[in-house]
Amino acid sequence: MLLGYPNNPTGTVLERDDMTQIAEVAQRHDLLVISDEIYDRLVYGTSHTCFAALPGMRERTILVNGFSKAYAMTGWRIGYAAAPAHIIEAMMKVHQYVMMCAPIMAQMAAIEALKNGEDAVQSMVADYDHRRRFIVKGLNDIGLICFEPKGAFYAFPSIKSTGLSSEDFCEKLLLEEKIAVVPGSAFGECGEGYIRCCYAVALPDIEEALERMKRFVERYK
Ligand SMILES: Cc1ncc(COP(=O)(O)O)c(C=O)c1O
């Protein structure tokens, strides 16, 4: 079973109770769980539960994580996995001949981030939280109904009121208003009728984007 929470593209955070129920399913069917927790530090008004920390889950979980999100190190190509030893040993057989290791400079930067980056993480998360509230309110105000995402840095509003498909919406918005968002359908058929808006950009840019989206939505209503 593959879990990805806090979630890309929806920003959903699974509460501990829901995770516990998933853990029961994993136990009952004797499943291995790959849990991608790359957004674990980016949660707002709630807390992240590490799936492997639930009773009995450590033995059956492959936790994957990295430095891209919490330390804004996208592109530095540094991540990690934690799993029972026999699984890591099997992964190493492939990994060491494909990658050798993560870039040394990125490893040094990651050590520095772990040692001295905490204040920066906290101020970045506070900033994201501000932008998150701003974009969710802005999207709802222009009629793109959006639930409150509690994690990651994405808002996932419905665009059904425009009558456009997700693909059409994104392409037209890009060509007509120079705004890049991702069609929900890129993430599977349940995503049709939604778009993913990333708020990991400066607040003035989000403000400008919302104004252009308002203009766009009014044209297609
Ligand atoms: C759910 C999820 N996992 C993993 C990653 C990986 O990031 P990277 O390849 O930069 O480590 C991303 C980045 O967008 C992501 O959204």
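Along the sequence shown, residues carry numbers from 1. Read the numbers this way: they start at 1 and go in the same order the structure lists the ligands and their atoms. Just so it is clear, the structure is predicted and the values come from calculations on it, not from any experiment.
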Trainee: Can you figure out which of G66, S68, P9 has its heavy atom closest to atom 11 (O) of ligand 1?
Mentor: S68
Trainee: With a 4.0 Å heavy-atom cut-off (strictly under), which part of F67 contacts ligand 1: side chain, backbone, both or neither?
Mentor: neither
Trainee: Ignoring angles and geometry beyond distance, decide whether T74 reaches within less than 3.5 Å of ligand 1 through its nitrogen or oxygen atoms.
Mentor: no
Trainee: If we check ring pair (Phe, Tyr, Trp, His ring centres under 6.0 Å) with Y39, which of these qualifies: Y5, Y128, F153?
Mentor: F153
Trainee: How many angstroms lie between atom OG1 of T162 and atom CE of M213, to the nearest 0.5 angstrom?
Mentor: 10.0 Å
Trainee: In the protein, what heavy atom is nearest to atom 4 (C) of ligand 1, and what distance, to one decimal place, separates them?
Mentor: D36 OD2, 3.4 Å
Trainee: Heavy-atom contacts with Y39 under 4.0 Å: which atoms of ligand 1 show up? List them by number with element.
Mentor: 1 (C), 14 (O), 15 (C), 16 (O)
Trainee: For ligand 1, find out whether one of its N or O atoms is nearer than 3.5 Å to an N or O atom of Y154.
Mentor: no
Trainee: Is R132 reaching over with its side chain to a backbone N or O of P149, donor-acceptor style, under 3.5 angstrom?
Mentor: yes
Trainee: Is the backbone of V136 close enough, under 3.5 Å, to the side chain of N140 for a donor and an acceptor to pair up by distance?
Mentor: yes
Trainee: Would R133 and E148 pass as an ion pair if we require N to O under 4.0 Å?
Mentor: no
Trainee: Check the angle between the aromatic planes of Y199 and Y44 and answer parallel, tilted or perpendicular using the 30° and 60° thresholds.
Mentor: tilted
Trainee: Of all the atoms in ligand 1, which lie at a distance below 4.0 Å from a heavy atom belonging to K69?
Mentor: 12 (C), 13 (C), 14 (O)
Trainee: Determine yes or no for a side-chain-to-main-chain donor-acceptor pair under 3.5 angstrom, with R212 supplying the side chain and E177 the backbone.
Mentor: yes
Trainee: R77 heavy atoms, cut-off 4.0 Å: which ligand 1 atoms fall inside?
Mentor: 8 (P), 9 (O), 10 (O)
Trainee: Please report which non-hydrogen protein atom sits nearest to atom 6 (C) of ligand 1, along with the residue it belongs to and the distance in Å to one decimal place.
Mentor: I38 CD1, 4.1 Å
